[in-house]
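First the structure, in the form of C-alpha cells, and then the observations on it.
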Amino acid sequence: MKELHGIPVSPGIGIGKVFLYLDNMALEIPRYDITRGQVEYEWSRFTAALSNAVAEVRSLYDQAVQEMSSDQAEIFQAHSMMLEDKQFHEQIRTKLENDLQNIEWIVWEVSHELIQKMSASPDAYLRERAADIAGVSHYILDWFVSNKKTSLAALPDHTILVAHDLMPADILSLDRSKVTGIVMDSGGRTAHTAILARAFEIPAVLGLSGITKNLNGAEVLVLNGDTGVVIIDPDAPTQKRYEKARSEYQKKLALFESLRKLPAQTRDGHTVKLHANIEIAEEAEQLSCYGADGIGLYRSEFLFLSSAHVASEEKQFQAYRRVIKIMGNLPVTIRTIDIGGDKVLPGIQQANNEKNPLLGWRAIRFCLARPGFFKTQLRAVLRASAFGTVRILFPLISGCEELEQVLTVLEEAKAECRQKGQLYDEHIAVGSMIEVPSAALTADILAEKSDFFSIGTNDLVQYTMAVDRGNEQVNHLAQPFHPAILRLIKYTIDSAHAKGIPAAMCGEFAGAPLATMLLLGLGLDEFSMTAQAIPIIKHIIRSVTWEQCRLLAEKALSCTAEQQVLRLLEEHNLERIGHGKSA
Ligand code: PEP
Ligand code: MG
C-alpha cells in the first residue's frame, strides 16, 4: 500500500482497478524521407487529414453542447480554431519543404516543439494550453496512425483511468458509467480535464507527477477528489474505509440534490444567502450544483499569482465577465487584489524583504501606493459590471480615512470609463472587508460609506489574537469562538443593520457547521464559503428556528472563554451535524 498526494480537482471517492492509458503515439508514428517531388502529395494527405479532424472536432462540439454547459463546450470550439490556424499550417508547410520527411512526422515534430516551448513558459496559462496543442495534433495524427479512442469507449467496470495527460476528446469518448475516477501525472485545477471531470462528476486527482511510471496496470487504486489522496493497492481495512466514505458521500449527494433549489431558510421563515468563495474563473461553473446564491468572494489576486506578468485590464475584464456571465443574475463579489503577506506578486513585490509581511505592505495598502495599478483593476471590474450584478469588496480596510481614499480612486476610475464611453453600473455596491480589529471597532463609522460588510474571520482572528494564520507552531492558539471574536462580529453586524446595510462573512468561519446557529443568531445576512460546504450549512439552517439561534447567540455572548462557547454549541449541534470545531 502506498499513499500519494496530488491536486484534488473533482470531488468524490473513486475505487477501482487501474487502466493505464499511455501515450505511445510518438512511437507509432512512421518516419521516412521523401523527395521534393512528393511534397505536394504529402501536403494533400495533410489537408485531407486536417479536414477530417476539423469535422471530427465540430461533431465533438455538437455532442458537448448537448452534454455540458456551453462554456465547457467552448473547449472544442477553441480546438477547432487552433486546427484552422493559418500560422500552424504555414509552420508545417515550411518544415515539410525544408526537412523532406513524411507529413505525419512533420506534424508530430511541429506540435512537439510548440508543446515544449509552451510547457517551459513562466505563464501558468500558457503551460496549461500546451495540452491543447497536444490535443489538436492528436486529432490530425489519429487520421494517419492507429486510432486509440475505441479503447476508452470500452472499459471494464469500476475503472480508475490513469494517464499522463488526457485530451478533452478522450473524456468525451469515455464510457463514463465504467469510470469511477481519473488520475493524471499532469494538470491542475484549471486544466480542461479537471473542468470536464467536474462537469461529468468523476472524482479526479491530477498533478501526481510520475504516477504512470509507478504502476503496471494490475493495481487497485482509491482516490479522494476532495483531499487529493491517492492510495495504490490499499489494504483491506483502508479499502473498507473508502467504500464506507463513498457510500456516505453518495447519500450526502442525494440529500444535497434535494436541497439545491431550496432557499436557506429557517423553520420559522428567516432567510439568509449562501454564497461561494472562488479563486479562479473556472470554479464558477460548478456553483449551481451546490445551490450557491451568488459569489461572496472572488479572490482576484489568483489571476495575478498564476502568471509571471501583471494581468492587463483586458485580461482581467475577460476573466471577470466570464464569471459574471456564468452566474447570470446572481451577485458576483469581486475582491480587489489582496497580495502581500503570504501572497507575493512576482515582478512587483520582493519576497521576504519585510520583517512582518502580514503587518506590512499588503492588500489595500499596496493598491493605494500604486494607484495606476489599482485603477486598472477597478476599470476592469467596472466594465464587467455592465454584464450582471457586481459588487466590489476592498480587503484589509483599517479605518474610515483609508476607505475614503479608496472611494476617491474608484470615482477616478469611473470618470475614466465615462471618458472612454465604457459602460458600467453607476450604482455598483461597494463593500468593506472587516478583518482588522480597528475596522470592526469602527464598523459604525465605516457603515456610513459602505454598501455592505464582509467579515474576513481568517484575518480577523489572526490580528485579534496575534496568531500568524500560516504558522503551524502557533496555529492551535487561534480561537475563532473566542469571546473577543464574537463581540467583534456582533458589533460589526449590529452596526451594519443600524445603517440598513447587509452583513456578510467570507472567512472560513462562515462555512463551519458548528458556527452556523451562532452566526444566524447574531443576525448574519450572507454566508460565503467554499462551495462544497454550502449544502451542509443549508441543511443546518433549514433544520433550526431563528428564535432558537438568537437565544443560543445570547448565551454564547455571555460565555467567558472559547471552551465554554464550544461546549454550548456542541450541545446544540451534536445531533444535527455530529462533529466538532473544524469546517
Ligand atoms: C479572511 O481573511 O477571512 C478572508 C476571507 O480573506 P483571505 O482568506 O483571502 O485573507
Ligand atoms: Mg483576509
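Both ligands and their constituent atoms are indexed starting at 1 by order of listing. Since the model is a prediction, treat every value here as computed from it, not as a measurement.
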Problem set entry | Salt bridge present between E314 and R379 (N-O < 4.0 angstrom) | no
Exercise. Which atoms form the tightest heavy-atom contact between A443 and F453, and what is the distance?
Worked result: O-CZ, 3.3 Å
For this session: Can you sort out which atoms of ligand 1 are near M433, meaning under 4.0 Å from one of its heavy atoms?
Result: 4 (C), 5 (C), 6 (O)
Problem set entry | Residue portion contacting ligand 1 (non-hydrogen atoms closer than 4.0 Å) for R362 | side chain
Exercise. If you count the atoms of ligand 1 from 1 in the order shown, which ones are under 4.0 Å from a heavy atom of L297?
Worked result: 5 (C)
Exercise. Should one rank R469, M505, E301, E279 by closest heavy-atom distance to atom 10 (O) of ligand 1, which comes out on top?
Worked result: R469
Problem set entry | Under 3.5 Å: donor-acceptor pair, side chain of Q377, backbone of F373 | no
Exercise. Going by the order shown, which atoms of ligand 1 are within less than 4.0 Å of some heavy atom of R299?
Worked result: 4 (C), 5 (C), 6 (O), 7 (P), 8 (O), 9 (O)
Exercise. Taking everything shown except R542 itself, do over 12 heavy atoms lie less than 6.0 Å from its CZ?
Worked result: yes
For this session: Below 4.0 angstrom from a heavy atom of E435, which ligand 1 atoms are there? Numbered from 1 as shown, please.
Result: 1 (C), 2 (O), 6 (O)
Problem set entry | For ligand 1, the portion of M529 having any non-hydrogen atom under 4.0 Å away | neither
Exercise. Hey, does the side chain of D268 reach the backbone of T545 with a donor-acceptor pair shorter than 3.5 angstrom?
Worked result: no
Seminar exercise, completed: Residue, atom and distance of the protein heavy atom nearest atom 5 (C) of ligand 1 read C506 O, 3.4 Å
Exercise. Has D338 got an N/O/S atom less than 2.8 Å from the Mg ion (ligand 2)?
Worked result: no
For this session: For the atoms OD2 of D459 and OE1 of E435, give the angle they form at the Mg ion (ligand 2), rounded to 10 degrees.
Result: 90°
Exercise. E508 near ligand 1, heavy-atom distance under 4.0 Å?
Worked result: no
Exercise. Out of L566, V565, I540, which residue meets the side-chain contact (heavy atoms from CB on, under 4.5 Å) rule with L514?
Worked result: L566
Problem set entry | Atom indices of ligand 1 within 4.0 angstrom of G456 heavy atoms, with elements | 1 (C), 2 (O), 3 (O)
Seminar exercise, completed: So for R335 against ligand 1, with non-hydrogen atoms under 4.0 Å, the contacting part is side chain
Exercise. With under 30° as parallel and over 60° as perpendicular, where do the rings of F374 and F394 fit, or are they tilted in between?
Worked result: perpendicular
For this session: Please check if atom NZ in K414 has more than 12 non-hydrogen atoms from other residues, nucleotides or ligands closer than 6.0 Å.
Result: yes
Problem set entry | Residue portion contacting ligand 1 (non-hydrogen atoms closer than 4.0 Å) for I455 | neither
Problem set entry | Closest contact, heavy atoms only, S385 versus I428 | CB-CD1, 3.7 Å
